[in-house]
Amino acid sequence: MQLSCSTSTHKCLNGSALNCGRSIPHPPGRRATIVTAARKVKRSQLLKGTVAGGLVVGLQDGLAGASNAETAEGLIQTGISRAIPDNFSKVQLRVWEDSELAVSIYPHFTYNARGAGGFGTAEDLGNGKAKVSFDPKGFDIPPLDYRSTKILGLPIPPPLRISIDMQELEGVVDMESGEANINFLSKFYFTAGSLYSAKPLVVQANLSTGKTDGVIFKAAGQALRNGRGRLVGIARVPKTEDAFLDSFLMLPTDCLAILSAELVFS
């Protein structure tokens, strides 16, 4: 695992500057080396920090009391601004602006989903894993319309609107690897003002930080680091009873979601 700093300089707990990629100033007689493993910091605790967010690396004042051998092996202290508590029971999912959606052979939609998300429950399954489950009633997903969605760089024309009614969102997050697999079930409603209202599209997909393949699309997610990652999912959308919608979208077909997301446990 590689630890990286978000800025060029941080402050150690003893007040000295920690410069990325540079030597660490320290009082005479003290040597400190930052490495990616530490005997006195459990691996699970360290990797939990990469999921929860805000990983800052510093040196403990107690380092002075450690033996030279221990110091040489790289004792570190992980200052985690949003650490996962041992008795966590809640989780929040936030979706950010750099997300994408696609359906059938049409170009990708860029979807500004900033503000989307909601709260849910989290259950410690042991072995560094947690089950997460979100309440559909309290989950907010902005509709796809001219305010949030663009295609080929242009806002989709009003009065076109696609609202999303989430039915289920639950799965498992691996705290150590940052991998997540979350089942997503929802209904998509296509409308064009008062002129047209389609039958709902039922969309079910596994949102994953891994790779996923469909008939049309392929996508790769990104494991959670500092709480943020990329979830991808491909759903096979069946035909509806709406002849126009079936023809327009060429159903059955693939629907792709690429979501820039963040998970925060408490």
Could you give me the CA-CA distance, side-chain angles and deciding distance for T212 and K218, then say whether side chain to side chain contact (heavy atoms under 4.5 Å, CB included) is met?
CA-CA 6 Å; T212 183; K218 293 183 179 181; over 6 Å; no
Heavy atoms of P252 and R236 approach each other most closely as O-NH2, 3.5 Å
With side chain to side chain contact (heavy atoms under 4.5 Å, CB included) as the test, would you mind laying out the steps for I164 and V203 before giving the verdict?
CA-CA 10 Å; I164 303 172; V203 176; over 6 Å; no
Of all heavy-atom pairs between R225 and S177, which one has the smallest distance, and what is that distance?
NH1-O, 3.1 Å
Interatomic spacing from NZ in K150 to OH in Y111 - rounded to 0.5 Å:
15.0 Å
Step-by-step side chain to side chain donor-acceptor pair (under 3.5 Å) determination, Q167 to D165:
CA-CA 6 Å; Q167 306 291 303; D165 181 16; 3.1 Å; yes
With the 4.5 Å side-chain cut-off for hydrophobic clustering, are L251 and V202 part of the same group?
no
Could you give the distance from CG (L160) to CG (D145), rounded to the nearest 0.5 Å?
10.0 Å
Would you check if F217 and H108 make a side-chain contact, meaning some heavy-atom pair closer than 4.5 Å?
yes
Which atom of L201 lies closest to which atom of L249, heavy atoms considered
CD1-CD1, 3.7 Å
Side chains of V237 and V103, heavy atoms from C-beta outward: is any pair under 4.5 Å?
no
Is it true that a side-chain atom of S208 and a backbone atom of G210 form a donor plus acceptor pair closer than 3.5 Å?
yes
Can you tell if the side chain of L224 reaches within under 4.5 Å of the side chain of L263, non-hydrogen atoms only?
yes
Please step through salt bridge (Lys or Arg N to Asp or Glu O under 4.0 Å) for the pair E123 and K131, ending with a clear verdict.
CA-CA 5 Å; E123 178 186 354; K131 178 182 177 181; 5.0 Å; no
ring-ring contact (aromatic ring centres under 6.0 Å, His included) between F244 and F190: does it pass, once the steps are laid out?
CA-CA 12 Å; F244 171 76; F190 289 73; over 10 Å; no
Should the pair R94-E262 be classified as a salt bridge under the 4.0 Å nitrogen-to-oxygen rule?
yes
Taking L169 as the starting point, is it possible to reach L231 by hopping between hydrophobic residues whose side chains are less than 4.5 Å apart?
yes
Could you check whether any side-chain heavy atom of R147 comes within less than 4.5 Å of a side-chain heavy atom of R161, counting everything from C-beta outward?
yes
Take F134 and E168 through the test side chain to side chain contact (heavy atoms under 4.5 Å, CB included) and record every step on the way to the result.
CA-CA 7 Å; F134 296 91; E168 179 182 319; over 6 Å; no
Between L256 and I258, is a side chain to side chain contact (heavy atoms under 4.5 Å, CB included) present by the stated rule, with each step listed?
CA-CA 7 Å; L256 167 68; I258 303 175; 4.0 Å; yes
Assigning hydrophobic clusters by single linkage (Ile, Leu, Val, Met, Phe, Trp, Tyr; side-chain heavy-atom cutoff under 4.5 Å), is I162 placed with I234?
no
D246 side chain vs T240 backbone, donor-acceptor pair below 3.5 Å:
yes
Looking only at side-chain N and O atoms, does N206 offer a donor or acceptor that is under 3.5 Å from a partner on N183?
no
Within-4.5 Å side-chain heavy-atom neighbours: S89 and F265
no
Without swapping roles, check the side chain of D135 against the backbone of K137 for a donor-acceptor pair under 3.5 Å.
yes
One pair to check against side chain to side chain donor-acceptor pair (under 3.5 Å): D98 and S260. What are the steps and the verdict?
CA-CA 6 Å; D98 50 341; S260 178; 3.1 Å; yes
Got a second to check how far E100's CD is from F109's CZ, nearest 0.5 Å?
11.5 Å
Any side-chain heavy-atom pair from I105 and M250 closer than 4.5 angstrom?
yes
For the residue pair A261 and L93, what are the closest heavy atoms and their distance?
CB-CD1, 3.8 Å
Under the 3.5 angstrom rule, does the side chain of S148 hit a backbone N or O of P143 as a donor-acceptor pair?
yes
Say whether L144 and L152 are linked into one hydrophobic cluster, either directly or through other cluster members, by side-chain heavy-atom distances under 4.5 angstrom.
yes
Taking 4.0 angstrom as the limit, do D174 and K129 come out as a salt bridge?
yes
Please check if the side chain of D254 supplies one atom and the backbone of I216 the other of a donor-acceptor pair under 3.5 Å.
yes
N181 and V173, any side-chain heavy atoms less than 4.5 Å apart
no
How close do K211 and A220 get, counting heavy atoms only, and between which atoms?
CG-CB, 4.0 Å
To the nearest 0.5 Å, atom CZ of F88 lies from atom OG1 of T121 at 10.5 Å
V264 versus V91: any side-chain heavy-atom pair under 4.5 Å?
no
Same hydrophobic cluster for I141 and L207, using side-chain heavy-atom links shorter than 4.5 Å among ILVMFWY?
yes
Straight-line distance of S247 OG to K239 NZ, nearest 0.5 Å
9.5 Å
Minimum heavy-atom distance between A198 and L245, given as atom pair plus value:
CB-CD2, 3.8 Å
Atom CE in M166, atom CG in D140: separation rounded to 0.5 Å?
10.5 Å
For the backbone of W96 and the side chain of S99, can you confirm whether one donor and one acceptor N or O come within less than 3.5 Å of each other?
yes
Counting only heavy atoms not in Y196, do more than 12 sit closer than 6.0 Å to its OH atom?
yes
Does CZ in F139 sit with more than 12 non-hydrogen atoms of other residues, nucleotides or ligands closer than 6.0 Å?
yes
